[in-house]
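Everything below concerns the one structure shown next.
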Amino acid sequence: QVQVKESGGGLVQAGGSLRLSCTVFGLTFEDYAMAWFRQVSGKEREGVGCIGWGTTIDYVDSVKGRFTISQDNTKNTLYLQMNSLKPEDTAMYYCAAVPFDHCPPVLRPTNFPYWGQGTQVTVSS
């Protein structure tokens, strides 16, 4: 049974940093691609980035250069390091997994069967 759990969200001032963590149980990163999504209430869930076979892909232009995805294979943990946070980064952030050995070219929520419950990130002005 696969379980996905995110943590690390919270309230931070604009310009600050947060690191989100996603621990996955029941699989290894050698078998699954992992991704970060975020969603603002009333808007569609968008893919932030993905990592598979140690290769990361950024999907949202607004976070490039500020957000970094990494993983710890030993712990089966995915990270999202968020720097220079902006108020528009405020969203619920979700971790997701898909049984592919690489990231899909189009990061859609429907491509990911395993999801965490989300962790809220709020950036104040």
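Contact of the Leu80 side chain with the Phe67 side chain is registered, since non-hydrogen atoms from C-beta on lie closer than 4.5 Å. At least one side-chain heavy atom of Leu78 sits under 4.5 Å from a side-chain heavy atom of Ile69.
Residue Lys5 places its NZ atom among 12 or fewer non-hydrogen atoms of other residues, nucleotides or ligands, all under 6.0 Å distant.
To the nearest 0.5 Å, the span separating SG on Cys50 from NE2 on His102 amounts to 9.0 Å. Considering CD of Glu44 and CZ of Arg108, their distance stands at 11.5 Å, rounded to 0.5 Å. Annotation: the span from Leu20 atom CG to Trp36 atom CH2 amounts to 4.5 Å, rounded to 0.5 Å. Taking CD of Gln1 as the start and OH of Tyr114 as the end, the distance is 9.5 Å to the nearest 0.5 Å.
Arg66 pairs by the side chain to side chain contact (heavy atoms under 4.5 Å, CB included) definition with Val63, Ser84, Lys86, Asp89, not counting sequence neighbours. Applying the side chain to side chain contact (heavy atoms under 4.5 Å, CB included) criterion to Ser62, with sequence neighbours excluded, gives Arg38, Val60. Residues satisfying the ring-ring contact (aromatic ring centres under 6.0 Å, His included) criterion with Phe37, sequence neighbours excluded, are Phe112, Trp115. Among residues two or more places apart in sequence or in another chain, the side-chain hydrogen bond (donor to acceptor under 3.5 Å, both in side chains) test is passed with Gln39 by Arg45. Scanning for side-chain hydrogen bond (donor to acceptor under 3.5 Å, both in side chains) contacts around Gln81 gives Asn83, with sequence neighbours left out. Ser7 is linked by a side chain to side chain contact (heavy atoms under 4.5 Å, CB included) to Ser21, counting only residues two or more places apart in sequence or in another chain. Residues meeting the side chain to side chain contact (heavy atoms under 4.5 Å, CB included) test with Leu18, sequence neighbours left out: Val12, Met82, Leu85, Val121.
Residue Tyr79 is not grouped with residue Ile57 when hydrophobic side chains (ILVMFWY) are merged at heavy-atom distances under 4.5 angstrom, including chains of intermediate members. Cluster membership check: Met34 shares its hydrophobic cluster with Val2, using side-chain heavy-atom separations under 4.5 Å among Ile, Leu, Val, Met, Phe, Trp and Tyr.
A pairwise comparison of heavy atoms in Ala35 and Leu107 identifies CB-CD1, 4.0 Å as the closest pair. A pairwise comparison of heavy atoms in Pro87 and Ala14 identifies CD-CB, 4.2 Å as the closest pair. The shortest non-hydrogen separation linking Thr119 to Gly9 is OG1-N, 3.0 Å.
A donor-acceptor pair under 3.5 Å links the side-chain atoms of Glu6 to the main chain of Gly118, judged by distance alone. Side chain of Thr122 to main chain of Thr90: no donor-acceptor pair is present (N/O by atom type, distance under 3.5 Å, no hydrogens or angles).
Pairs of residues two or more places apart, or lying in two chains, that qualify as disulfide bond (SG atoms under 2.5 Å apart) and include a residue from residues 59-97 are Cys22-Cys95.
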